[in-house]
Amino acid sequence: QVQLVESAGGLVQVGGSLRLSCAASGRTGSNYAMGWFRQAPGKEREFVAVIGWSGVSTLYADSVKGRFTISRDNAKNTVYLQMNSLKPEDTAVYYCAVDKGVFMSSRSSAYDYWGQGTQVTVSS
């Protein structure tokens with residue numbers, strides 16, 4: 001089993017920044033991708049970003065490309081999501097997840113473990 005604990009989100013004004021972190025513990029092993037998803041009220045969960053084990057390969061949703069940056073520290077089993085130039089439409093519960101498969105994926109069904117989620121609210 002793998003446990004994922006996300007940092008607290010928060011309330012941010014439009015144009016502001018926020019960094020989320022997610023620490024993995026338990027039987028993490030190695031060579032796994034870590035991703036971020038989000039779910040706004042009344043909407044389905046959507047992909048935000050994913051990073052491969054080495055930290056070199058990343059993939060972003062078009063809606064966050066150029067504004068969000070995903071990174072990881074394998075020594076700490078932690079993934080980060082730096083969010084800049086936040087917009088009201090970024091308001092959602094953000095979830096981190098671990099994918100122990102071979103390839104990075106934007107599909108939520110590919111992920112094996114999920115965090116509990118953290119609320120990010122962007123006010124205008």
Side-chain angles (χ1 to χ4, degrees):
Q1 276 294 83
V2 174
Q3 294 78 42
L4 299 171
V5 178
E6 293 122 342
S7 60
L11 175 63
V12 186
Q13 290 190 334
V14 170
S17 298
L18 190 65
R19 189 175 85 152
L20 302 179
S21 64
C22 173
S25 62
R27 301 172 67 88
T28 58
S30 62
N31 200 24
Y32 56 89
M34 296 188 79
W36 288 96
F37 288 75
R38 65 187 183 187
Q39 187 167 19
K43 295 187 177 181
E44 293 188 352
R45 189 172 299 189
E46 66 173 2
F47 168 76
V48 175
V50 60
I51 187 167
W53 172 254
S54 68
V56 174
S57 298
T58 58
L59 182 66
Y60 295 92
D62 288 343
S63 59
V64 306
K65 203 173 294 182
R67 299 188 299 121
F68 289 13
T69 301
I70 189 170
S71 61
R72 67 188 295 166
D73 182 342
N74 288 340
K76 298 180 179 179
N77 288 334
T78 298
V79 64
Y80 304 94
L81 185 68
Q82 177 66 46
M83 304 183 291
N84 298 329
S85 302
L86 283 161
K87 305 175 181 180
E89 51 263 43
D90 294 318
T91 295
V93 176
Y94 283 71
Y95 298 89
C96 70
V98 163
D99 176 7
K100 299 184 75 68
V102 176
F103 303 105
M104 296 192 303
S105 177
S106 61
R107 296 179 296 110
S108 60
S109 59
Y111 289 75
D112 303 288
Y113 302 99
W114 292 83
Q116 79 284 358
T118 187
Q119 178 70 47
V120 173
T121 303
V122 184
S123 65
S124 56

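Taking hydrophobic clusters as Ile, Leu, Val, Met, Phe, Trp and Tyr residues chained together by side-chain heavy-atom distances below 4.5 Å, Phe37 does not share a cluster with Leu18. Following chains of ILVMFWY side-chain contacts shorter than 4.5 Å, one can reach Val12 starting from Phe68, so the two form part of one hydrophobic cluster. In terms of hydrophobic clustering, with Ile, Leu, Val, Met, Phe, Trp and Tyr side chains grouped at heavy-atom distances under 4.5 Å, Val93 and Met83 are assigned to different clusters. Grouping the Ile, Leu, Val, Met, Phe, Trp and Tyr side chains by contacts below 4.5 angstrom, directly or via other members, places Phe47 apart from Val98.
Looking at every heavy atom in both residues, Thr78 comes nearest to Ser21 through CG2-CB, 4.1 Å. Pairing each heavy atom of Ser106 with each of Leu59, the nearest pair is CB-CD2, 4.4 Å. In terms of heavy-atom proximity, Asp112 sits nearest to Gly101 at OD2-N, 4.3 Å. Here the shortest heavy-atom pairing between Val2 and Ala24 reads CG1-CB, 4.3 Å. Contact record, Tyr80 with Asp73: CE1-CB, 4.1 Å, taken as the closest heavy-atom pair. Heavy atoms only, all atoms of each residue included: Met104 and Ala33 are closest at CG-CB, 4.2 Å.
With rounding to the nearest 0.5 angstrom, the CG atom of Leu20 is 13.0 Å from the OH atom of Tyr95. Here the straight-line distance linking atom OG of Ser109 with atom CZ of Arg45 works out to 12.0 Å at 0.5 Å rounding. How far OG1 of Thr28 is from CG of Asn77: 4.5 Å, rounded to the nearest 0.5 Å.
Within the cation-pi definition used here (under 6.0 Å to the ring centroid, within 45° of the axis), Arg72 qualifies as a partner of Tyr32.
By the salt bridge (Lys or Arg N to Asp or Glu O under 4.0 Å) test, Asp90 pairs with Arg38, Arg67, sequence neighbours left out. For Tyr94, there are no ring-ring contact (aromatic ring centres under 6.0 Å, His included) partners at least two apart in sequence or on another chain.
Here the side chain of Asn74 pairs a donor or acceptor atom with the backbone of Trp53 at under 3.5 angstrom. Checking side-chain atoms of Glu6 against main-chain N and O of Gly117 turns up a donor-acceptor pair under 3.5 Å. Side chain of Tyr113 to main chain of Lys100: no donor-acceptor pair is present (N/O by atom type, distance under 3.5 Å, no hydrogens or angles). Looking at Tyr111, its side chain does come within 3.5 Å of a backbone N or O of Ser105 through a donor-acceptor pair. In terms of modelled atom types and a separation under 3.5 Å, the side chain of Thr118 and the main chain of Ser7 share a donor-acceptor contact. Side-chain atoms of Thr121 never come within 3.5 Å of backbone atoms of Leu11 as a donor-acceptor pair (strictly under, hydrogens ignored). Side chain of Thr91 to main chain of Pro88: a donor-acceptor pair is present (N/O by atom type, distance under 3.5 Å, no hydrogens or angles).
Residue-environment remark: CD (Glu44) stays at or below the threshold of 12 foreign heavy atoms within 6.0 Å.
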Please determine whether side-chain contact (heavy atoms from CB on, under 4.5 Å) holds for the pair Trp36 and Ile51, giving the CA-CA distance in whole Å, both sets of side-chain angles, and the decisive distance to 0.1 Å. CA-CA 9 Å; Trp36 288 96; Ile51 187 167; over 6 Å; no
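Side-chain contact check for Leu4 versus Met34: some heavy-atom pair is nearer than 4.5 Å.
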